[in-house]
Structures are given as C-alpha cells and as structure tokens.
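These figures come from a predicted structure and were not determined experimentally.
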Protein chains: 2
Amino acid sequence: MTRSRTLMSETTENSSPERKLRVENPTSRDIADIAGVSQATVSRALRDSPLVRKETRERIQAIARELNYFVNRNAAGLRTHQSNTIALLMFDDASEGEDTSQNLFLLSMLDAITRAAARYGYDVLVSLQQLHDDWHIEYQASHRADGLILLGYGDYVEYREKLEALSRANTRFMIWGPVVKDQPGHSFGCDNDNGGYQATGHLISLGRKNIALIGSTSRRSPELAARYTGYVRALEDAGLEENPKLVLTAQNSEQQGYAAAIDLLESGEPFDAIFAVTDLIAIGAMRALQDNGISVPEDVSIVGFDDMPLAAHVSPALTTVQQNARFGAEGLVRGIVGMIEGKPVSSTLMAPKLVVRQSCGAIRND
Amino acid sequence: MTRSRTLMSETTENSSPERKLRVENPTSRDIADIAGVSQATVSRALRDSPLVRKETRERIQAIARELNYFVNRNAAGLRTHQSNTIALLMFDDASEGEDTSQNLFLLSMLDAITRAAARYGYDVLVSLQQLHDDWHIEYQASHRADGLILLGYGDYVEYREKLEALSRANTRFMIWGPVVKDQPGHSFGCDNDNGGYQATGHLISLGRKNIALIGSTSRRSPELAARYTGYVRALEDAGLEENPKLVLTAQNSEQQGYAAAIDLLESGEPFDAIFAVTDLIAIGAMRALQDNGISVPEDVSIVGFDDMPLAAHVSPALTTVQQNARFGAEGLVRGIVGMIEGKPVSSTLMAPKLVVRQSCGAIRND
DNA sequence: CTGAAAGCGCTTACAG
DNA sequence: CTGAAAGCGCTTACAG
C-alpha cells in the first residue's frame with residue numbers, strides 16, 4: 001500500500017524548476033521522483049557527495065530547497081547510529097533561586113557551547129538536573145546524543161559517583177571544572193590554583209601583608225580548594241607565612257561571606273586584605289566590613305573570583321578573577337566531538353584573568 | 001548477515017534474572033531473545049502496554065534494566081513520526097555581551113521550560129540564534145523537534161517576518177512575549193499593559209503627580225509600547241493628563257536610561273517620578289539623577305520593570321514589576337504540547353507583580 | 001557516475 | 001495475551 005501523495009508534477013519528470021511544487025512532507029523518494037533519479041542518488045546529492053555529477057547534484061538540491069525538504073534526522077540517525085547531538089547536563093544546585101545570580105556564567109557557557117557545537121554540526125540538548133536525578137546514562141544509550149557535557153555541580157563527592165557510573169556505562173562525556181586525581185573522563189576547566197595565585201599575588205604586590213582567605217578547603221569543593229592552594233603558593237613565594245587564623249570557611253553565598261567576615265573581625269586577628277574565593281562571598285564580606293565602619297579598599301583590599309555581572313556594579317567595584325566562557329565552551333565541545341570521532345582527547349586547564357577594579361586599591365575612584 | 005553478539009545466556013532462555021548479562025548495545029531483539037518472547041512483545045512491555053501480561057511485562061522490564069537498555073529514539077521516532085523534543089529558539093540580541101545581565105531572565109525561563117517539558121515527557125533542544133539566522137523551519141521539518149518555543153527577540157518588525165515564514169511552513173510554535181494583532185501562531189506572555197498600569201498606579205498612590213516615562217512607544221518593541229499604554233491608562237484613570245514632555249525614548253540599556261534622564265533634567269519640565277519601562281533604563285536614570293544631586297526616592301520616585309537580580313542590589317533598591325518565569329514556562333510548554341497533540345490552544349497573558357522596594361519611597365530604608 | 005537492495009531498530013495493525 | 005510482518009526514511013556497500 002503506497003502512500004498516496006499529491007505531486008503536481010508527477011507526470012512531467014523533468015519539469016522546469018520554476019514550476020511550484022507542493023508535497024506535504026517530502027521524503028527523498030519524492031525528490032527522486034521529481035528529479036527522475038533514484039532515491040540513492042538523492043541521498044548522495046544532499047550530502048554533497050562528489051560521486052554525483054555536479055549538474056545532477058545541483059538540480060536535486062534546488063528541488064529539495066523548493067520543496068522545503070530536510071533530511072529526516074530519525075531515519076538518518078537510525079542508519080548511521082549517530083544523532084549529531086550533544087547533551088548538555090547542567091547540575092544546578094541553587095536551592096530555590098538563592099544563588100541564581102551565579103548562574104549567569106552557566107548562561108554564557110550555554111550560549112558559547114551552543115554556538116561552538118553548531119560550528120561542528122551538532123545540536124545541543126539541554127537538561128537542567130538535580131544531582132540526584134539519574135537519567136545521565138540514558139541520553140547516549142537511547143541514541144539521543146552522541147556524547148555529554150557536564151556543567152556545574154554541588155557536592156563533588158556525590159558528583160564523582162555520577163562520573164563513575166557514566167564511565168561504567170561507556171558514555172562519552174566532558175566535564176567542565178575540576179581536574180581531580182583519577183577522575184573518570186576528560187575535563188576542561190579553569191586553573192583555579194593559578195587564579196588563586198594571581199589574586200593573592202596581586203594583593204601582595206599592593207603591599208598587603210595579612211591576607212585573609214574566605215572559602216573552602218574541602219574535597220567536596222575541589223575548585224574552591226584549588227583557589228586556596230594558589231593562595232598558599234603565592235604567600236610562600238612571597239616569603240609570607242600562612243596564618244591559619246586568617247583562613248575562614250564559607251559556602252558560595254553573600255550571607256556566608258558576610259558571616260565569615262564578621263567572624264574575622266571578632267577574632268581580633270589583624271588583616272589588611274581578603275581573598276574571597278567567589279564574588280558572592282566577596283560581596284558579602286565587603287558589606288560586613290562596610291557595616292562595621294571599615295573602608296574598602298583603604299583599610300582592607302578585597303579580591304573575588306568569577307567576575308559575575310554584579311561584581312562591576314557593587315561599590316567599590318570588585319577586583320576579581322575571570323574565566324573565559326567562550327574559550328571554555330570551545331574546549332568542551334572540541335573535546336566531546338573529538339571523543340565522538342574517536343580522536344585522542346586530553347584534559348586541559350585554562351588560565352583565568354585578573355580583572356582589576358576598585359576594591360583592591362590598585363585603582364583610585366576618579 | 002546477522003550481527004554476532006556475545007550473549008552469555010543465549011542457550012538458557014529462561015535463565016534466572018540474577019545471572020549477569022552483558023550485551024554491547026542491546027536492542028529489543030536482544031531482550032526478546034533473553035526473555036524468550038517476540039520482539040513485538042518486548043516493545044509492548046517497555047511501553048507499559050496493558051496488552052502484555054503483567055508478569056511477562058515485569059520480567060522484560062527487569063531484563064532491560066539489567067542490560068541498561070534504552071529504546072533507540074531514532075528508531076522509535078522514525079516509526080512514530082515524533083521526536084518528543086521541543087526546540088527552544090532563543091533570539092539573543094545582546095550585541096557583544098553588553099546587556100547580558102538582562103538575560104538572566106532567559107536562563108530562568110530555560111530552566112523552567114526544561115523542567116516543564118520533562119514533566120510532559122519532552123526533551124529540549126536549545127538554539128541561541130541571531131534573528132538573521134534562518135534554520136527555524138528546519139527543526140520541525142527534519143523531525144528533530146515536534147514544535148518550537150521562541151524566546152526573546154530584537155526588532156519586532158523583523159521578528160514578525162520570521163513568524164510568518166514559520167507559519168507558512170506549517171511549523172508549530174509558541175511565542176513568549178507580545179500578543180500583537182493578527183500575529184501568526186500562539187503566544188504566552190506578560191500583560192505588559194497591566195504591568196505599566198500597576199507601576200504607574202503605584203506612583204500615583206504615593207502622591208506623585210508629574211510622572212515621567214522613559215521607554216519606547218514603537219511598534220518595533222510592542223512589549224515596551226504596551227507598558228507605555230498601561231502608563232497612559234493609569235494616568236487617565238487617576239484624572240491626570242499625559243504630558244508629552246515627560247515621555248522620553250530609550251532602548252533597554254543603562255546608558256540610554258542615563259541619557260534620557262539627563263535630557264529630562266535639562267528640559268526643565270518639573271517631575272517627581274519616573275516609570276522606566278525596563279530595570280536597566282531605571283538604573284541608568286537613577287544614576288543620572290544621583291549624579292545631579294537629586295535624591296531617590298525623596299525628590300523623585302523611580303519604578304522599573306523586569307526585576308532582574310541587579311534590581312535588588314542597586315541603592316536604593318529598585319521597585320519594579322516582576323514576571324513569573326516558572327508560570328510563563330509552564331504556559332509555553334503546555335501550549336506547544338497541546339498543539340503537538342492536536343488540542344485547541346489559545347494565547348494568554350499573565351499578570352505581572354509589582355515588587356515594592358526603596359526606590360519609590362513607599363518603604364523607608366531601615 | 002548511478003541504481004537496486006539491504007538493513008538500521010523500532011511500533012502497530014492484523015491475525016490468532 | 002502473543003507473534004509474524006510490514007514499513008517508517010534514510011545511508012551505503014555492491015554491482016555495473
């Protein structure tokens with residue numbers, strides 16, 4: 001039982017292309033009928049195969065264009081075992097909108113990843129998930145995606161389990177973020193240690209001696225912990241001693257930054273600078289100091305990390321360490337496409353950039 | 001030529017499920033062989049068909065789970081002519097990162113749309129495009145998506161042409177945003193007129209008489225223009241006359257808000273309040289006033305629109321009109337899923353919510 | 001340079 | 001409740 005179609009030019013095989021053609025949902029067979037060639041030739045022509053004579057190829061492509069024909073991706077994918085799609089899994093831990101301002105970085109990553117993927121001929125399937133969700137493996141196993149990119153996470157220890165599961169299922173994936181020992185899969189991320197080093201080094205170069213750190217040294221947050229190790233390295237290289245009393249713990253939020261700075265003040269330990277391992281912490285800490293009559297940067301210099309949009313808008317504008325989303329996205333996509341094509345892929349860290357504004361005292365307000 | 005497989009339990013058809021099974025990339029045939037049923041029965045069982053005896057169904061599902069089997073979406077899609085995927089086209093006009101802070105709203109929409117789509121059993125394919133890109137039609141025609149959701153746009157007039165093209169190609173789509181006369185397709189958006197009415201009404205209720213508007217009345221920005229008409233309605237309802245000298249033009253940026261406020265000051269026309277049709281404009285205008293020694297909200301009340309994260313952080317915190325992303329996303333997804341399922345769908349506007357902070361003078365700083 | 005044919009892995013009438 | 005069979009729309013050896 002052949003599907004009946006309304007082909008206006010069914011009888012005049014080689015009708016001039018000027019003729020308006022109408023087919024409901026054209027297939028390569030329809031194109032073939034109209035062009036008077038086999039369906040196989042249409043398939044070849046549409047994929048720009050040099051096997052097809054140029055003239056024929058162009059005629060076929062013109063007909064396809066006129067009919068608004070596009071290759072059925074399900075059929076092509078079934079044949080080739082490819083989807084030309086990358087699944088982007090974003091683990092958004094912002095519990096109920098609290099820290100969403102942070103996530104603008106995710107948006108720029110999404111943007112950059114989508115564009116990079118398009119350049120390689122891939123679509124991007126997005127899924128915002130909680131860490132406890134469990135569909136990670138399904139994307140590749142169901143042939144919806146040829147590989148995954150993982151972005152963001154909450155607790156690294158929990159995250160790590162997911163990575164192991166993906167690896168066991170032979171899923172291809174690239175991770176944005178930390179490079180931890182024996183971590184499964186490949187990653188592309190920011191050299192957080194280097195960023196911490198730059199931030200701290202900058203404060204030292206401004207003559208600051210008692211530099212506090214607010215952040216985390218936990219293996220549950222390896223990225224933040226790496227910023228801390230960079231801090232320690234910078235101090236050592238400058239011949240300064242690390243003072244444990246100046247190392248405070250805070251998760252990534254203004255509230256916790258605020259609280260940690262208050263603790264710091266109440267400890268009575270003298271300090272003339274703070275390296276906060278995230279902008280949110282930095283902004284909270286800055287508020288705490290200002291609320292207590294301490295002037296930034298005159299009395300205390302502050303440097304953050306992330307360069308979220310808010311950083312430029314607080315007063316004084318925050319000096320911070322910036323990661324290049326475009327570069328990161330390009331690296332992730334290049335990596336996953338490489339894995340899909342069976343090329344060797346390695347993990348990479350890119351150097352972040354210090355953005356100097358007012359909060360450190362290197363630049364005066366004009 | 002049958003594909004050779006390594007099935008450990010090939011011989012023992014009804015082997016106990018405790019036995020570890022290994023197949024490289026299992027298909028429904030493999031499951032069928034192991035379960036000792038036909039491939040058709042496996043297909044039915046995996047789709048929870050009541051046609052299959054409960055016991056058989058559960059046995060099959062257990063085997064599938066153990067083998068880490070997932071239905072090949074390409075094959076299923078080819079058969080059913082569905083992809084269970086929604087394409088989300090985000091038109092991001094932020095020319096080179098300038099206004100990206102605005103786009104956090106897009107991120108919350110993306111988040112909410114993805115979650116809503118998952119609830120309906122749909123994946124989300126994301127594409128960030130420029131308005132001049134031209135792949136809109138391809139998504140549905142290539143069976144990569146069953147329908148589109150369009151988010152954001154620059155110039156409405158140009159956007160409108162894309163909508164007409166989509167409509168001509170019989171593409172299913174839902175639009176986030178404006179409802180304009182004779183617009184093709186269906187939309188779900190914010191009642192901007194109502195929002196403008198609320199904002200202006202609030203200023204009036206605070207005793208303000210000379211309320212300026214900074215924004216747009218152009219048909220190229222129907223959403224902004226609707227906020228303007230709400231402003232006019234509120235004035236009328238309060239028996240106030242619209243003063244053309246108090247209506248200034250600005251596109252959505254701090255710079256233009258700043259410039260417009262300066263123009264307003266230099267015009268010499270007295271005013272005691274500003275309704276800025278976007279937060280970015282409001283923040284720019286606020287800076288301009290403050291730079292000229294005018295106190296907000298003592299001398300001039302300001303209300304914005306959007307409630308971007310920055311709004312709560314500027315000083316004084318900005319009173320503004322908020323759109324509910326979650327609600328909007330749900331409406332868009334419900335709409336497009338309805339269209340896919342052939343149900344009747346209509347366009348809807350949801351009422352925004354006034355968020356009162358310090359900049360209008362209704363709340364004192366504590 | 002082109003065509004006939006097989007087959008990718010499903011879903012679903014049809015028949016029992 | 002289950003199976004045999006057709007067919008979705010492609011891509012790609014194979015043969016000419």
#### Entry: CD/B/E55: more than 12 non-hydrogen atoms of other groups inside 6.0 Å
no
### A/R29 and A/T27 side chains, donor-acceptor separation under 3.5 Å
no
### Task
Would you tell me whether A/Y156 and A/Q183 have side-chain atoms, one donor and one acceptor, within less than 3.5 Å of each other?
yes
### Task
For B/R29 and C/dG7, give me the distance from atom CZ to atom C1', rounded to whole Å.
14 Å
### Message
Whole angstroms only, please: what is the CD1-P distance between A/I60 and C/dC1?
### Response
13 Å
### Task
Could you label the plane-to-plane angle of the B/F188 and B/F327 rings as parallel, tilted or perpendicular, counting under 30° as parallel and over 60° as perpendicular?
perpendicular
## Note on the structure
Per nearest nucleotide of DNA chain C, the residue lying toward the 5' end, A/V37 or A/L78, is A/V37
### Query
Is any side-chain nitrogen or oxygen of B/T27 closer than 4.0 Å to OP1 or OP2 of C/dG9?
no
### Message
Categorize A/H143 for me: base, sugar-phosphate, or nothing, with a 4.0 angstrom heavy-atom threshold over every strand shown.
### Response
nothing
### Query
What's the CD-C1' distance between A/E55 and C/dT2, to the nearest Å?
14 Å
### Message
Between B/S49 and B/R47, is there a side-chain donor-acceptor contact under 3.5 Å, judged purely by atom types and distance?
### Response
no
### Gap between atoms CZ and C1', on A/R73 and D/dC8 respectively (whole Å)
17 Å
### Heavy-atom pair of closest approach, residues A/N72 and A/N74
OD1-N, 2.8 Å
### Task
Tell me which nucleotide among C/dG3, D/dT2, D/dG9 gets nearest to the side chain of A/N72.
D/dG9
### Nucleotide D/dG3, atom P - distance to CG of B/D33 in whole Å
12 Å
### Query
Does a side chain donor of either A/D48 or A/Q61 reach within less than 3.5 Å of an acceptor in the other side chain?
yes
### Query
When rounded to the nearest Å, what value does the distance between C1' atoms of C/dT12 and C/dG16 take?
16 Å
### Task
Indicate for each nucleotide in nucleotides 11-16 of chain D, in 5' to 3' sequence, whether protein heavy atoms under 4.0 Å reach the base (B), only the sugar-phosphate (S), or nothing (-).
BBB---
### Task
Could you check how far CG of B/N25 sits from P of C/dC8, rounded to whole Å?
13 Å
### Message
From CZ of B/R53 over to C1' of D/dG3, roughly how many Å is that when rounded to an integer?
### Response
15 Å
### Query
Can you find a side chain N or O atom of B/Y69 that sits less than 4.0 Å from OP1 or OP2 on C/dC10?
yes
### Message
Taking pairing as Watson-Crick or G-U wobble with both contacts under 3.5 Å, can you name the mate of C/dC14, or confirm there isn't one?
### Response
D/dG3
